[in-house]
Amino acid sequence: MIHLLQGDITLFEGDAIVNAANSSLRGGGGVDGAIHKAAGPALLQECQEWVRHNGDLPTGKAMITKGGNLKARWVIHTVGPVWSSGTQDEDFLLSQCYINCLHLCVERNIRTVAFPNISTGVYGFPKTDAAEVAVASVRNFLSSSHTDLEVSFMCFDEENYTLYQKLL
Ligand code: ADP
């Protein structure tokens with residue numbers, strides 16, 4: 001099941017939210033900054049600990065931490081591709097972000113998860129293409145795996161919200 005929501009992902013009342021992180025998992029601006037601010041310092045600590053053991057999180061991969069002060073119990077961190085005119089496998093890597101997050105949800109028995117519009121802020125991915133990749137990836141995953149996972153797309157800006165409305 002897929003839902004479309006508009007607003008601040010830090011307020012999502014479900015099992016997990018996805019963070020559009022950077023490879024060093026050090027927090028930053030945009031949705032990443034908002035999530036770290038709302039979750040509190042325990043989130044950064046857990047991320048730094050993970051990087052000490054595993055190194056940077058590669059583009060397209062995902063890892064999971066506790067949600068700290070968030071309403072969501074878990075935060076799934078994934079690193080979206082930086083848009084580079086479509087020459088660096090950006091569509092594939094963006095799709096991998098969604099799929100790897102969804103695999104983690106199934107592994108952890110997460111029933112409800114919200115995604116932000118990964119890579120469509122500072123990372124510059126064209127919003128139309130990103131929305132198409134996001135919706136197709138989630139639809140394919142849900143239709144090919146036996147899960148009752150509920151996925152929400154949490155659009156922050158009007159442009160993304162309208163694009164997703166059309167696609168869904
Ligand atoms: P990226 O580096 O992956 O592009 P950004 O954080 O710059 O990440 O932007 C990703 C998307 O997250 C953008 O569409 C932006 O509008 C959206 N966004 C920013 N803040 C929030 C928030 N609090 N909740 C949900 N989405 C947000």
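Both counts, for ligands and for their atoms, begin at 1 and track the order of listing. The figures that follow rest on heavy atoms only: side chains count, while hydrogens, waters and symmetry mates do not.
- The N160 neighbourhood of ligand 1 comprises atoms 14 (O), with distances under 4.0 Å to a heavy atom of that residue.
- Not a single heavy atom of T10 sits under 4.0 Å from any atom of ligand 1.
- Summarising the contacts of atom 3 (O) of ligand 1 with G80, G121, S119, the nearest heavy atom is found in S119.
- Summarising the geometry, atom NE2 belonging to H77 is positioned 9.0 Å from atom CG belonging to L57; distances are rounded to the nearest 0.5 Å.
- Interatomic distance, E90 CD to S85 OG, rounded to the nearest 0.5 Å: 7.5 Å.
- In terms of polar-atom proximity, V122 is counted as a contact of ligand 1, with an N or O under 3.5 Å from an N or O of the ligand.
- Close N/O approach between D32 and ligand 1 is not found [any backbone or side-chain N/O within under 3.5 Å].
- Remark: ligand 1 atoms within the under-4.0 Å shell around heavy atoms of D8 are 22 (C), 23 (N), 24 (N).
- For ligand 1, the atoms closer than 4.0 angstrom to any heavy atom of D157 are 14 (O), 16 (O).
- By the 3.5 Å distance cut-off applied to N or O atoms, F156 is not counted among the residues near ligand 1.
- The minimum heavy-atom distance linking L93 with Q88 is given by the pair CD1-O, 3.5 Å.
- Remark: ligand 1 atoms within the under-4.0 Å shell around heavy atoms of N117 are 10 (C), 11 (C), 14 (O).
- In this structure, I118 is a member of the same hydrophobic cluster as V151, with clusters built from ILVMFWY side-chain heavy atoms closer than 4.5 Å.
- Criterion: ILVMFWY side-chain heavy atoms under 4.5 Å apart, direct or through other members. Under it, F92 and L94 are not part of a common hydrophobic cluster.
- The contact set between ligand 1 and A34, taken as ligand atoms under 4.0 Å from a residue heavy atom, comprises 23 (N).
- Of all the heavy atoms in M63 and T65, the pair that sits closest is CE-CG2, 3.6 Å.
- Rounded to the nearest 0.5 Å, atoms CG (L5) and CZ (F115) are 13.0 Å apart.
- Ligand 1 does not have G33 within reach: every non-hydrogen atom of the residue lies 4.0 Å or more from it.
- A 6.0 Å sphere centred on CD of Q48 holds more than 12 heavy atoms belonging to other residues, nucleotides or ligands.
- Linking ILVMFWY side-chain heavy atoms closer than 4.5 Å, directly or via other members, places L142 and I76 in a single hydrophobic cluster.
- Residue-to-ligand polar distances place V31 within reach of ligand 1: an N/O pair is separated by less than 3.5 Å.
- Proximity of I9 to ligand 1, defined as any heavy-atom pair under 4.0 Å, is shared by backbone and side chain alike.
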